[in-house]
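Per chain, numbering begins at 1; letters A, B, ... match sequence-line order.
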Amino acid sequence: MKTTSNIIEQRRKKIAELKNKDVNLFPNDFAVSHTVKNIRDTIEDLQDSITEDNPVFVAAGRMMAVNRFGKASFIRFRDRTGQFQAYVRKDNVGDEAYALFKQLDIGDFVGLKGGLFKTKTGEWTLLVNELKLVCKSMRPFPEKFHGLKDPEKRYRKRYLDLIMNSDVRDTFIKRSKIIQAIRTFFLVRDFMEVETPMMQPVPGGAEAEPFITHHNSLGLDLFLRIAPELYLKRLVIGGFERVFEINRNFRNEGISTRHNPEFTMLEFYQAYADYKDLMNLTEDMFSYVTREVAGSDSIVYQGSTIDMGGRWRRMTLFEALEEIGGIDADLLKNRERLLDFASSRGIVITKKASEKIGGTGKIITKLFDVMVEPKLIQPTFITGYPVEVSPLSRRSDSDPAITDRFELFIAGHEIANGFSELNDPDEQKVRFLQQATERDAGDKEAHCMDEDYIEALEYGMPPTAGEGIGIDRLAMLFADAASIREVILFPHMKPAGNIAEEASSLLN
RNA sequence: GGGCCGUUAACUCAGUUGGUAGAGUAUCUGCCUUUUAAGCAGAGAAUCGCGCGUUCGAGCCGCGCACGGCCCA
């Protein structure tokens, strides 16, 4: 315990007085029969026929503001459906209840019963006949006008952020709606929602460094999943031809405005489809979600209007590099010139990518990240990814150097990644071995060999296409949020001092 | 990992050249039965993120650390 503030002491004292008067500060028997929305809907429906006696409402909520006038007061209270004003008069609620009411604070929960009237200024207001304390708050709330702004406090005490900042509330309501819309979209298309392991003996399905955990009784190290991909494809092999999962992935990498170590991913797989089908499906899905969530075909993100309806531009990686990145086509075929070009632009190519013998895939995708990606504001599918950066994708029939794969970019962010699945077990094995070589060379993000997955493929996976979509980044788009922390309820933070100490002593 | 910025009352923020800390809101007391950032009168409230240093003297200058934000890797 660090600070005991004067303001909290005062409140504690008041609480002690209430207890002495046998006031139950935390009752659990107040029966709520109306929400604020019910009240507003009734006003909408009945209008002029409303009197102070009829109809009568019983509502409850947190007191957000109080204007006291001696023997009468206005309060504003809030429930999950909205905020409403109530008027508490001593001669209406009685001396005893009004005396109790005078002891209450902003932040307390109250139960209210009464009819409706219109104030001088024309605002419909609950005329309280009965008032009960439903829950006492022991701490002072942030100031009503400026609210809670300090980002560190907002993230650490998200509950206060949600109470004080309505735009934050709206963001998370929106996020929930996005996920529900996606779920509906898939369910009506005969996809089945599944859950696959979060703890995996071999981490796979993506190129990333995993978190390691340990199972005591099995004496076994396990990895928090970096992707569900290989398990979802096992389900396709098992006969679930259309599956999707919306769940958390964990990647042991830095934290930034676009990265949280745990993040939410949608992955879905459809048998007898290819990557082109999925591009069409993605357009349909985004168009549907946008209409459901934003109520139109477009959204505004960081000042740009983004058209989410209709069909989107499709171009290959090389086309994008030439046309948008302004890179000469001949350059793209020459490894040394590519490296020179990158260094002349101050683009750092990692050692493992530049030293690697053979393909130029990693150099090219890096150039793309820097020179093209930020410019892809309107939704754009990029296709033609090199085989070496796509270890799980099916090789293109027309060009053996590339795969049947796309990525989707919106507002300069990678939003989705999809491809026709590699279902030839022997080739998959060769690809894994290639990755293993890179792993041995020090690339911690290279894909792991997964023998069990190869065996599964050997039983036969029908032609299938699959896709992953970052839900957090999607939520950022709809919420017009510049940072991923604004769309994750409890983003990861370093523990604040004493919490870290307490946690370590807990383990010892 | 690097650069820049921030951390002062419950909240939002000021704080001059280095001279023992200010406002608004919130809180407390009194008045007030149609307010809505209510009003009037009064009062209380600060380990200036933490540590070390410089100095007669540090919120302010220096060094280190912690946490956070933005940008870069």
inquiry  = Regarding B:U33, can its base be found pairing with the side chain of A:Asp91 as donor and acceptor, where the two atoms are less than 3.5 Å apart?
reply    = yes

Whole-Å gap separating C1' (B:C72) and CD (A:Glu253) = 17 Å

request  = Can you tell me, in whole Å, how much space there is between the P of B:G1 and that of B:A37?
outcome  = 48 Å

ask   = Can a side chain N or O of A:Lys494 be found less than 4.0 Å away from OP1 or OP2 on B:C67?
value = yes

query = Please give, in whole Å, the distance from B:A26 P to A:Met164 CE?
reply = 11 Å

ask   = Looking only at atom P, what distance separates B:G30 and B:U12, rounded to whole Å?
value = 30 Å

message = Please determine whether a side-chain nitrogen or oxygen atom of A:Arg258 lies at a distance below 4.0 Å from atom OP1 or OP2 of B:C71.
response = no

request  = Give one of base, sugar-phosphate or nothing for A:Arg154, where a contact means two heavy atoms less than 4.0 Å apart.
outcome  = nothing

query = Hey, is the side chain of A:Arg68 poking within less than 4.0 Å of OP1 or OP2 on B:U33, counting only N and O atoms?
reply = no

query = Just how far, in rounded Å, is C1' of B:U34 from CD of A:Glu52?
reply = 11 Å

message = Is it true that, when you exclude A:Arg12 itself, more than 12 heavy atoms of the residues, nucleotides or ligands shown sit nearer than 6.0 Å to its CZ?
response = no

key: Integer angstrom distance from the P of B:C50 to that of B:A21   = 16 Å

task = Look at the side-chain N and O atoms of A:Asn6 and state whether any lies under 4.0 Å from the OP1 or OP2 oxygen of B:A45.
result = no

query = So what does A:Lys71 touch, heavy atoms closer than 4.0 Å: a base, only the sugar-phosphate, or nothing?
reply = base

task = Give one of base, sugar-phosphate or nothing for A:Tyr155, where a contact means two heavy atoms less than 4.0 Å apart.
result = sugar-phosphate

task = Examine A:Phe223 together with A:Phe211 and report whether their ring centres are nearer than 6.0 Å.
result = no

query = Separation of A:Arg156 atom CZ from B:G49 atom P, in whole Å?
reply = 16 Å

task = For B:G49 versus B:G15, give the span between their P atoms, rounded off to a whole number of Å.
result = 14 Å

request  = Provide the Watson-Crick or G-U wobble partner of B:U34, both distances under 3.5 Å; none if there is no partner.
outcome  = none

ask   = Shortest non-hydrogen contact from A:Pro491 to A:Arg158?
value = CD-NH2, 3.8 Å

message = Going by purine N1 to pyrimidine N3 plus the second Watson-Crick contact, or the G-U wobble pair, all under 3.5 Å, which nucleotide sits opposite B:U25?
response = B:A10

task = Show the numbers, then the answer: is there a ring pair (Phe, Tyr, Trp, His ring centres under 6.0 Å) between A:Phe368 and A:Phe409?
result = CA-CA 12 Å; A:Phe368 177 87; A:Phe409 296 86; 5.2 Å; yes

task = Go through the side-chain N and O atoms of A:Ser390 and A:Arg405 and say whether any donor and acceptor fall under 3.5 Å apart.
result = yes

request  = For A:Ile8 and B:A9, give me the distance from atom CD1 to atom P, rounded to whole Å.
outcome  = 13 Å

request  = For salt bridge (charged side-chain N to carboxylate O under 4.0 Å, His left out), just list the numbers for A:Asp472 and A:Arg175, CA-CA rounded to whole Å, side-chain angles, deciding distance to a tenth of an Å, and then say yes or no.
outcome  = CA-CA 8 Å; A:Asp472 309 280; A:Arg175 183 184 167 115; 2.8 Å; yes

request  = Taking only the side-chain heavy atoms of A:Lys144 (C-beta and beyond), determine which of B:U34, B:A26, B:C67 contains the nearest atom.
outcome  = B:A26

Under-4.0 Å side-chain N/O to phosphate OP1/OP2 contact, A:Lys13 with B:C28 = no

inquiry  = Classify A:Met493 by what it touches in the nucleic acid, base, sugar-phosphate, or nothing, heavy-atom distance under 4.0 Å.
reply    = sugar-phosphate

ask   = Can you check B:U47 for me, syn or anti if syn means within 90° of 0?
value = anti

ask   = Taking the P atom of each, how far is B:G39 from B:A26, in whole Å?
value = 8 Å

ask   = Roughly how many Å is it from CZ in A:Arg89 to P in B:U34, rounded to a whole number?
value = 9 Å

query = Is B:A45 paired to anything, Watson-Crick or G-U wobble with both distances less than 3.5 Å, and if yes, which nucleotide?
reply = none

Mate of B:C61 where both pairing distances stay under 3.5 Å, Watson-Crick or G-U = B:G53

key: Whole-Å gap separating C1' (B:C28) and CG (A:Asp105)   = 11 Å

Salt bridge (charged side-chain N to carboxylate O under 4.0 Å, His left out) between A:Asp328 and A:Lys333, worked out = CA-CA 10 Å; A:Asp328 189 64; A:Lys333 293 166 192 154; over 6 Å; no

Upstream residue (5' side of RNA chain B) when A:Gly147 and A:Gly254 are each assigned their closest nucleotide = A:Gly147

ask   = Going by modelled atom types, is there a donor-acceptor pair between the base of B:G24 and the side chain of A:Glu143 at under 3.5 Å?
value = yes

remark   = The answer to which of A:Glu152 and A:Ala72 contacts RNA chain B further toward the 5' end, by nearest nucleotide, is A:Ala72

query = Counting just side-chain N and O atoms, does A:Thr257 come under 4.0 Å of either OP1 or OP2 of B:C71?
reply = yes

query = Please give, in whole Å, the distance from B:A10 P to A:Glu9 CD?
reply = 11 Å

request  = Look at the side chain of A:Lys120 and decide which nucleotide, out of B:U35, B:A10, B:G24, has an atom nearest to it.
outcome  = B:U35

message = When the P atoms of B:G62 and B:U17 are compared, how many Å lie between them, rounded to an integer?
response = 15 Å

message = Would you measure the distance from the P atom in B:A23 across to the matching atom in B:A41 and give it in whole Å?
response = 15 Å

query = Is there a donor N/O on one and an acceptor N/O on the other, under 3.5 Å, for the side chain of A:Gln85 and the base of B:U35?
reply = yes

key: B:G44 versus B:U29 - spacing of their C1' atoms, nearest Å   = 10 Å

request  = Report yes if some heavy atom in the side chain of A:Leu127 is under 4.5 Å from a heavy atom in the side chain of A:Leu116; otherwise report no.
outcome  = no

task = May I ask you to establish whether A:Arg68 and A:Phe101 are in a cation-pi arrangement, using a distance under 6.0 Å from NZ or CZ to the six-membered ring centre and at most 45° from the ring axis?
result = yes

task = Report yes if at least one side-chain N or O of A:Lys153 is closer than 4.0 Å to OP1 or OP2 of B:C11; otherwise report no.
result = yes

query = Across the strands shown, which category fits A:Lys157 at heavy-atom distances under 4.0 angstrom: base, sugar-phosphate, nothing?
reply = nothing

query = Within the stacking criterion (centroid distance below 5.5 Å, interplanar angle below 30°), does A:Phe69 stack on B:C32?
reply = no

request  = Scan every strand shown for a Watson-Crick or G-U wobble partner of B:G68, both distances under 3.5 Å, and answer none if you come up empty.
outcome  = B:C5

key: Closest to the A:Phe145 side chain, choosing from B:U12, B:A37, B:U27   = B:A37

